[in-house]
Every structure is written in C-alpha cells, then in structure tokens.
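Each remark here refers to the structure printed beneath this line.
Bear in mind the structure is a predicted one, so any value in this text is a computation, not a measurement.
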2 protein chains.
Amino acid sequence: MEKRNDNYELDNLDTQILSILMNNASIPYTEIAKKLIVSGGTIHVRMKKMEELGIIRGSHLIINPQKIGFDITAFLGIYLEKGSQYNNAVEQLKRVKEVVELHYCTGTYSMFAKIICRDTTHLRKVLNEDIQAVKGIQRTETIISLEESIKRQISLT
Amino acid sequence: MEKRNDNYELDNLDTQILSILMNNASIPYTEIAKKLIVSGGTIHVRMKKMEELGIIRGSHLIINPQKIGFDITAFLGIYLEKGSQYNNAVEQLKRVKEVVELHYCTGTYSMFAKIICRDTTHLRKVLNEDIQAVKGIQRTETIISLEESIKRQISLT
DNA sequence: GTTGAAAAGTGCTGCGA
DNA sequence: TCGCAGCACTTTTCAAC
C-alpha cells in the first residue's frame with residue numbers, strides 16, 4: 001500500500017534524527033540512539049518509515065569542488081523566447097553537465113540555473129557553446145559567485 | 001605533515017570512486033571495489049587520502065523539503081548600501097535559518113541568497129522581518145522557484 | 001511503538017607481495 | 001603501492017514487551 005501523505009507531520013524524534021544525519025550521514029545509528037535515549041532498533045524503524053514516505057531522498061558524499069579544480073560557481077538568469085519552450089529547454093540543459101540546479105521561476109527570468117566550472121575559460125565555453133546552443137533560449141544574464149559564505153541544509157528545529 | 005595541494009590531480013580511480021559515492025554515500029566499499037575491479041582495501045586507502053587532502057567534506061542525508069512542509073524555494077538578489085557592510089551582513093544572515101546559501105557576487109546584486117520556506121506566509125515573514133532587519137541591506141529582489149527541474153552534483157567525468 | 005540481542009554484512013588494520 | 005585475511009563494529013532482523 002503506497003502512502004500518499006505529501007505532508008507527513010514528523011514528530012520530535014524523527015526531526016532530531018534527521019537533524020543529526022543531515023549534517024553527517026555517517027554517524028552510526030547506535031550513537032544517535034544513545035544521544036536521543038532510545039534503542040538502535042527504533043532509529044532504524046523511523047528511518048525506514050521516512051524512506052518509504054519519500055522524506056529521505058538518499059545520501060551524498062560532499063566534496064569540495066575547489067580542491068579538484070572547479071573554482072567557479074555562477075548563477076544564470078535565462079530568458080526564453082516563449083514560455084512553452086520550457087520542457088524542451090530543460091531536457092537540453094540536462095545534457096549540460098555543468099548545470100547543477102535549474103529552476104522554473106517567477107520574476108524577471110523564465111528560468112534560473114546554477115553552474116559550476118573549472119575556470120573562466122571553461123565558463124565561457126559553457127555559456128557560449130552549450131547554453132547558447134539550447135533552442136528557445138533568448139539570452140542569459142550571468143552572476144558569478146566570488147565567495148560562498150553560507151552553505152547548509154534547512155534547519156528543522 | 002599537512003598537505004597543501006589546493007588543486008590535487010585525481011587519477012581515474014579516485015574520480016570513479018567519488019562519482020559513485022557522490023550520488024549514494026551509503027554504497028559499501030566492497031561493492032565499489034567489485035565495480036572498479038580493485039580490492040576493498042584500495043578503496044579505503046584512496047578515500048582516506050582524499051579525506052586528508054580536504055577533497056571530501058563529509059556526507060549529508062538528503063531530504064525532500066516539500067515532504068516535510070517546506071514548499072517554497074526562493075532566490076534573493078540583495079543590494080547592500082555599501083560594499084563594506086558585507087562581512088557584517090553575512091554574520092546577521094547566518095542567524096536566519098531559512099537562508100541555506102549565500103554568495104558574494106559580481107553583477108547587479110551585491111549578494112545572492114537561496115532560502116527555503118514553509119509557505120508564502122512564512123516567506124513574507126522572513127523577507128519582511130528577518131531579512132529587512134539586517135543592517136546594511138538596502139533592498140532585495142525575490143525570485144520564487146515554481147519547480148526545481150534539475151538538482152545534482154558536478155559530474156567529474 | 002519500543003526494546004535488546006543475535007545474525008549478517010561492512011569497515012578497518014596489519015602483514016605479505 | 002596494492003591485495004588479502006581476521007577482527008571489531010554496524011546494520012538489520014525479530015520475538016517479546
């Protein structure tokens with residue numbers, strides 16, 4: 001039986017488990033259990049429930065892009081020729097590996113992307129060759145991040 | 001002895017290990033070893049090396065914000081009164097939990113933030129009370145994401 | 001829903017090549 | 001530097017509360 005709650009209300013225990021694991025997914029269940037004063041089995045049951053409900057998407061190893069030569073983070077405001085070209089543009093942008101986020105949005109831009117590149121040469125190549133080649137894109141505005149001052153997940157508490 | 005390579009060149013094996021774990025940090029080392037046709041110990045040695053080099057930042061449990069009632073993702077272009085107020089503004093914005101990313105950037109805006117809220121009421125509260133209370137912020141422009149079409153990490157290959 | 005312990009699987013370490 | 005094998009630890013399961 002599939003659960004359909006799109007908005008399941010987490011209790012205190014669920015929230016605390018998530019809060020701990022969101023910042024460090026490799027903490028053992030037994031240690032979490034000790035902190036929250038429940039048994040390891042309970043942590044397991046709760047995690048399984050939240051996985052089934054789709055609350056937990058998975059886990060990521062977080063790397064430092066700069067250490068492996070990816071120095072530039074940029075945001076791209078994208079203007080489409082027509083709004084109807086959205087789905088098509090998404091499909092084409094999925095093939096551009098440097099695009100790590102893409103949003104359909106309100107306001108000035110039709111779409112909004114986050115891209116990560118090695119250097120300015122790489123960025124120019126992505127903008128001029130890959131992005132501009134996408135059909136339906138009229139023009140873009142680039143915002144280059146000089147420093148990422150905050151980078152975290154939402155706080156549940 | 002601390003290593004100081006800010007730009008260590010990963011070999012093929014390192015790259016493949018990271019590529020696998022970036023999408024699912026809970027895959028066992030032994031399974032990765034099988035895929036890449038090396039021993040489990042080798043994976044371990046490589047991971048340890050990359051951790052020491054600071055390439056690996058840690059691991060995160062990824063949750064689906066919408067499933068727990070956080071429905072709105074918005075981007076905020078921030079205009080500062082003076083550029084010199086940057087450090088101060090960062091410190092104040094760190095206290096606003098809904099801000100999950102903050103960049104110091106080129107272009108139209110002085111700073112650029114990503115925020116996640118429960119609903120429009122929550123968003124308005126954050127914008128009007130929390131953000132506007134930050135000293136040095138002149139005004140902001142809000143871009144609301146209606147749909148996140150792409151969300152992934154950088155591809156190493 | 002929670003517990004505690006047993007079974008299965010994984011991570012870690014040291015020795016050898 | 002890499003691979004193999006043994007030990008320690010974690011995850012998972014399950015009967016009982």
- [ ] Could you tell me whether the phosphate oxygens of D:dT1, OP1 or OP2, come under 4.0 Å of any side-chain nitrogen or oxygen in B:R46?
- [x] no
- [ ] Using a cut-off of strictly less than 4.0 Å, decide whether A:T42 has a side-chain nitrogen or oxygen near OP1 or OP2 of C:dT3.
- [x] yes
Task: Base versus backbone protein contacts along nucleotides 10-17 of chain C [heavy-atom cut-off under 4.0 Å; B, S, -] - done: SSSB----
For atom [atom1] of [X] and atom [atom2] of [N], their distance in whole Å:
{"X": "A:L36", "N": "C:dG1", "atom1": "CG", "atom2": "C1'", "value": "16 Å"}
{"X": "A:I43", "N": "D:dT12", "atom1": "CD1", "atom2": "P", "value": "13 Å"}
{"X": "B:K49", "N": "D:dC2", "atom1": "NZ", "atom2": "C1'", "value": "13 Å"}
{"X": "A:I37", "N": "C:dG1", "atom1": "CD1", "atom2": "P", "value": "20 Å"}
{"X": "A:K34", "N": "C:dG4", "atom1": "NZ", "atom2": "P", "value": "14 Å"}
{"X": "A:L13", "N": "C:dT2", "atom1": "CG", "atom2": "P", "value": "7 Å"}

Open item on the list: If you define the side chain from C-beta out and look only at heavy atoms, does anything of A:C117 sit under 4.5 Å from A:V126?
Closed with: yes
Open item on the list: Do A:V38 and A:I43 make a side-chain contact, defined as non-hydrogen atoms from C-beta onward lying under 4.5 Å apart?
Closed with: yes
Open item on the list: If I compare all heavy atoms of B:I143 with all of A:T106, which pair ends up nearest, and what's the gap?
Closed with: CG2-O, 3.6 Å
Task: Working for side-chain contact (heavy atoms from CB on, under 4.5 Å), residues B:S19 and B:L156 - done: CA-CA 7 Å; B:S19 295; B:L156 300 178; 3.8 Å; yes
Open item on the list: Please compare B:V38 and A:V45 by the position of their nearest nucleotide in DNA chain D and report the one closer to 5'.
Closed with: B:V38
Open item on the list: Is the distance from the ring center of A:Y79 to that of A:Y86 below 6.0 Å?
Closed with: no
TODO: Could you walk me through whether A:Y104 and B:E148 pass the side-chain hydrogen bond (donor to acceptor under 3.5 Å, both in side chains) test, one step at a time?
DONE: CA-CA 7 Å; A:Y104 180 56; B:E148 186 170 52; over 6 Å; no
